[in-house]
Amino acid sequence: EAGVAQSPRYKIIEKRQSVAFWCNPISGHATLYWYQQILGQGPKLLIQFQNNGVVDDSQLPKDRFSAERLKGVDSTLKIQPAKLEDSAVYLCASSFKGTGANVLTFGAGSRLTVL
Amino acid sequence: AQKVTQAQTEISVVEKEDVTLDCVYETRDTTYYLFWYKQPPSGELVFLIRRNSFDEQNEISGRYSWNFQKSTSSFNFTITASQVVDSAVYFCALSEENYGQNFVFGPGTRLSVLP
């Protein structure tokens with residue numbers, strides 16, 4: 001079974017530039033999550049999708065972050081304009097359903113450095 | 001609200017020592033799930049175990065064991081006869097069934113196993 005695919009693995013940008021991250025979840029997984037992991041901290045949920053609908057985006061800084069999951073499969077997370085504090089690893093995860101019991105499978109992450 | 005505390009920021013042990021990683025959680029739900037994930041230097045979060053709130057039996061898997069105690073809201077993780085390959089950051093996570101479908105991660109404990 002193929003895992004969760006993410007790209008790019010690394011990205012370096014200047015502040016105020018824009019960046020986009022892509023995630024392809026495990027086939028058949030209805031729920032997709034984007035987490036932000038700042039160095040030395042635990043992952044923090046940014047947005048959760050169930051199929052192509054948003055379940056929770058309460059912690060997404062909507063003035064600069066946006067995410068979509070067209071057709072309920074792949075997802076893209078965009079940051080525009082980026083700030084220094086956005087430097088982090090952006091983790092995508094998927095699960096079969098969005099219930100509490102489901103195990104999340106994570107991708108390798110996309111490391112963003114904002115200069 | 002959900003909360004996970006991992007009071008130990010960093011632990012160093014010498015190979016073959018036993019080590020216990022602490023996890024304390026807060027939840028208002030009666031049905032919830034607790035997880036441990038490992039994040040090796042490569043960065044990908046790897047699932048280790050899931051327990052539900054109705055099953056307080058301790059679990060052993062090889063050198064790993066988990067002690068779940070609802071009375072103290074703790075879900076501790078012990079590695080017996082640690083090995084260098086156990087060096088990683090370990091995260092405890094909580095997912096509620098009724099009040100939220102989101103994983104909430106603790107801040108993590110960095111374990112260094114020295115040869």
Side-chain angles (χ1 to χ4, degrees), chain A residues 1-10 21 23 26 29-51 53-60 88-113, chain B residues 1-10 21-25 27-55 75 88-112:
Chain A
E1 175 182 79
V4 176
Q6 290 189 245
S7 67
R9 286 296 312 276
Y10 304 93
F21 303 111
C23 173
I26 291 174
H29 279 195
T31 309
L32 186 147
Y33 309 76
W34 282 103
Y35 282 83
Q36 180 192 58
Q37 186 178 20
I38 293 173
L39 186 64
Q41 299 182 17
K44 184 185 84 171
L45 180 71
L46 292 176
I47 189 167
Q48 177 184 344
F49 291 96
Q50 182 75 17
N51 296 309
V54 175
V55 173
D56 183 358
D57 62 357
S58 58
Q59 298 189 86
L60 186 73
V89 176
Y90 291 86
L91 297 165
C92 180
S94 69
S95 67
F96 184 61
K97 294 181 183 179
T99 60
N102 278 186
V103 173
L104 269 59
T105 302
F106 284 84
S110 295
R111 182 179 297 275
L112 173 65
T113 302
Chain B
Q2 302 161 283
K3 184 178 179 181
V4 176
T5 302
Q6 295 178 257
Q8 305 149 308
T9 305
E10 292 191 40
L21 310 181
D22 298 333
C23 172
V24 174
Y25 62 91
T27 178
R28 56 179 170 167
D29 208 339
T30 56
T31 303
Y32 54 90
Y33 303 85
L34 295 162
F35 302 78
W36 277 95
Y37 278 80
K38 175 181 180 179
Q39 189 173 43
S42 61
E44 192 161 337
L45 281 157
V46 177
F47 166 73
L48 295 178
I49 190 171
R50 175 190 64 199
R51 304 297 283 173
N52 73 55
S53 52
F54 300 108
D55 183 0
F75 185 44
V89 181
Y90 291 86
F91 292 97
C92 182
L94 165 69
S95 188
E96 295 176 337
E97 183 64 35
N98 297 308
Y99 292 102
Q101 298 178 350
N102 314 318
F103 268 54
V104 172
F105 284 84
T109 297
R110 179 177 298 277
L111 174 65
S112 297

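Numbers restart at 1 for each chain; the letters A, B, ... are given by sequence-line order, proteins then strands. Keep in mind it's a predicted model, so treat the numbers as computed, not measured.
- Listed options A/Gln41, A/Gln37, A/Lys44 were ranked by heavy-atom pairs under 4.5 angstrom with chain B; first place goes to A/Gln37.
- Within the 4.5 angstrom heavy-atom criterion, no atom of B/Gln6 approaches chain A.
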**Request:** Carefully, step by step, assess B/Tyr37 and A/Val103 under the rule side chain to side chain contact (heavy atoms under 4.5 Å, CB included).
**Result:** CA-CA 10 Å; B/Tyr37 278 80; A/Val103 173; 3.6 Å; yes
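- Proximity to chain A is absent for every atom of B/Thr9, based on heavy atoms less than 4.5 angstrom apart.
- With values rounded to the nearest 0.5 angstrom, A/Leu91 atom CG is found 9.0 Å from B/Glu44 atom CD.
- For chain B, the nearby part of A/Leu45 is the side chain; its heavy atoms alone come within less than 4.5 Å.
- For chain B, no part of A/Val89 is nearby; none of its heavy atoms comes within less than 4.5 Å.
- Side chain of A/Tyr33 to main chain of B/Phe103: no donor-acceptor pair is present (N/O by atom type, distance under 3.5 Å, no hydrogens or angles).
- To the nearest 0.5 Å, the span separating OG on B/Ser95 from CG on A/Asn102 amounts to 8.5 Å.
- You'll find the ring centres of B/Phe105 and A/Tyr35 inside the 6.0 Å limit.
- The local environment of CZ in B/Arg110 is sparse, with at most 12 non-hydrogen atoms from other residues, nucleotides or ligands closer than 6.0 Å.
- Nearest heavy atoms, B/Phe91 versus A/Pro43: CE2-CD, 3.9 Å.
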